[in-house]
Enquirer: 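My structure is below; once you've seen it, I'll send some questions.
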2 protein chains.
Amino acid sequence: MSQLDTKTRILDAGEHLFARDGFHNTSLRAITSLAKVNLAAVNYHFGSKEALLQTLIERRLLPLNQLRKEQIDAVLAAAAATGAAPSARALLRAFIEPTLAFRSAGPGAQDFISLVGRSMSEPDETVRNCFIGLVLPNFRLFFESLQLALPQLPTAVLMARVQFTIGAMSHVMCTSHKPIINDPSAPKPLDDTALIEQLLQFVTSGLEAPQ
Amino acid sequence: MSQLDTKTRILDAGEHLFARDGFHNTSLRAITSLAKVNLAAVNYHFGSKEALLQTLIERRLLPLNQLRKEQIDAVLAAAAATGAAPSARALLRAFIEPTLAFRSAGPGAQDFISLVGRSMSEPDETVRNCFIGLVLPNFRLFFESLQLALPQLPTAVLMARVQFTIGAMSHVMCTSHKPIINDPSAPKPLDDTALIEQLLQFVTSGLEAPQ
DNA sequence: AGCGTTTTCAAACAGATGTTTTAATCGTCT
DNA sequence: AGACGATTAAAACATCTGTTTGAAAACGCT
């Protein structure tokens, strides 16, 4: 209940506020106040606001990356066993499902995923670099596996299509709970499981489309 | 060369910096310094930083919205003339092409499009509301037209797929010039025209996918 | 209990932020 | 030329920012 608890409370509060208001629009005072912790605690435990962000991202992203890697590797291994190329759909599932399903890990995880989703198009180098650096090896593996699944596509075309996929996915990650069109007449949106299946269907069709 | 020029210079500088660094990470001093204008000019001409953002968004978005509306209406009219339902592809083109092609309108337009792309997932209510309010009627028209094109899809499913489409599109809008994977070995990315065609092909396949 | 380390706390720091104020300047009419 | 409204300019405003300081408190250990 001593320092570890303080650190965790700061991480949780930061995660929540960074996700809700953005990095630059969140003050250390807001974080420490929500965490019920002294203002100086952030700099004492993490060194700086930026280092807090880094720690906070790593805490969730490293396990998530490993999970995604395991899933992709499993798909590749299964394909190699049969001698066939891996299917695009299976690879997409291996990459997307752990990410979106991760939100069910708790309310903090939900916040985190929307923070990650937004970081994809973050203008600020502070946030973007911190994030891209951690996720790049994962992306590379994903991309190279897809090249095996869709060898007929030129690299530049596949790269564009993966960019679209990432876009659709990250948009879901940060806006799935606030739909753009929000009428009283609108039907209730899909639940998480159905949304994942729909996204998979959408991006699989897009990736596999004839050129 | 008097007030109009000052106002325009502020708008241009704000557009550039908001797009590059984000709204909250851009100071009025940075804007007025780039615009070679006195600091107080922003508050004098626009009232506040937030009102500057609003003005700046409206300047480009109102014409763009009208263009998109014209294109969609044209597709609907052509379909009505033949008695057939409009095609999803034609509607997607009517919505997407003017938006992405708008970037060629000049260097400022390029900045603006990436600002708009990011606003889709903006956490801050200031930016998000300012933007969503202007673009909502356009989205509604787009969505309702797609319902005509794809009547077999349940509304909730179509809504999810439109969300994916918006995600892919806005991600292209703000990151097409900084690809995630940027190796020396990577091939040179597609040019603007090819990118638009690829995006169209991708989202058309996704939207029309069997359920 | 007593000592050394780690953690907490209140206060202050220097700098940046959006906004306002007051006076000077410009442009345009009569 | 003179006068009035619109625009610019420099300076100051209060507030908020991340960070640092130095002392107090809590902790673990023998």
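Proteins come first, then strands; the chains are lettered A, B, ... in the order of their sequence lines, and each starts at number 1.
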Enquirer: Are side-chain N/O atoms of A/Gln201 and A/Arg89 paired as donor and acceptor at under 3.5 Å?
Expert: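 Checked: A/Gln201/A/Arg89 side chains pair up, N/O donor to acceptor below 3.5 Å.
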
Enquirer: B/Glu50 has an atom CD; how far is it from atom P of C/dG18, in whole Å?
Expert: 12 Å

Enquirer: Closest to the A/Arg29 side chain: C/dG18, D/dT7, D/dG18?
Expert: D/dG18

Enquirer: For the ring pair B/Phe164 and B/Phe202, is the centre-to-centre distance below 6.0 Å?
Expert: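 No, the ring centres sit 6.0 Å or more apart.
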
Enquirer: Once you round it to whole Å, what is the distance between P of D/dA26 and CG of A/Asn38?
Expert: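 After rounding, the reported distance stands at 14 Å.
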
Enquirer: Could you say whether A/Gly47 or A/Ser27 is positioned toward the 5' end of DNA chain D, judged by the nucleotide with the nearest heavy atom to each?
Expert: A/Ser27

Enquirer: Tell me whether the side-chain N/O atoms of B/Thr6 come closer than 4.0 Å to OP1 or OP2 in D/dT8.
Expert: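 Yes, such a contact exists.
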
Enquirer: If I take atom CZ in residue A/Arg9 and atom C1' in nucleotide C/dT8, what distance separates them, rounded to the nearest angstrom?
Expert: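 Roughly 11 Å, once rounded to whole Å.
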
Enquirer: Which nucleotide in the list C/dA11, C/dT19, C/dT8 gets nearest to the side chain of B/Asn43?
Expert: C/dT19

Enquirer: Check the distance between C/dA24's C1' and B/Tyr44's OH and give it to me in whole angstrom.
Expert: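 Atom-to-atom, B/Tyr44 to C/dA24, this comes out as 14 Å.
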
Enquirer: Which pair of non-hydrogen atoms, one from B/Ser48 and one from B/Val42, has the smallest distance, and what is that distance?
Expert: O-CG1, 4.3 Å

Enquirer: Map A/Phe23 and B/Val37 onto DNA chain D by nearest heavy atom, then report which one ends up closer to the 5' terminus.
Expert: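 So the residue in question is B/Val37.
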
Enquirer: Please report, rounded to the nearest Å, how far the P atom of D/dT7 is from the NZ atom of B/Lys7.
Expert: 8 Å

Enquirer: Can you measure B/Leu28 atom CG to C/dA16 atom P for me and round it to whole angstrom units?
Expert: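 To the nearest whole Å, that distance equals 15 Å.
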
Enquirer: Using the side-chain heavy atoms of B/Ala40, tell me which of these nucleotides is nearest: D/dT17, D/dT7, D/dA9.
Expert: D/dA9

Enquirer: Is the phosphate of C/dT8 approached by A/His45 (side-chain N or O, under 4.0 Å from OP1 or OP2)?
Expert: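 Yes, A/His45 has a side-chain N/O under 4.0 Å of OP1/OP2 on C/dT8.
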
Enquirer: Rounded to whole Å, please give me the gap between CG in A/Asn25 and C1' in C/dT17.
Expert: 13 Å

Enquirer: Could you check whether A/Thr26 gets within reach of a base, just the sugar-phosphate, or nothing at all, counting any heavy atom under 4.0 Å?
Expert: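 Sugar-phosphate, no base atom in range.
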
Enquirer: Do B/Lys7's NZ or CZ and the ring of B/Tyr44 fall within the cation-pi criteria of under 6.0 Å and 45°?
Expert: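 That pair does not qualify as a cation-pi contact.
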
Enquirer: Run the salt-bridge test on A/Asp111 and A/Arg103 with the 4.0 Å N-O cut-off and return the result as yes or no.
Expert: no

Enquirer: Nearest-Å distance, NZ (A/Lys49) to C1' (C/dA16)?
Expert: 13 Å

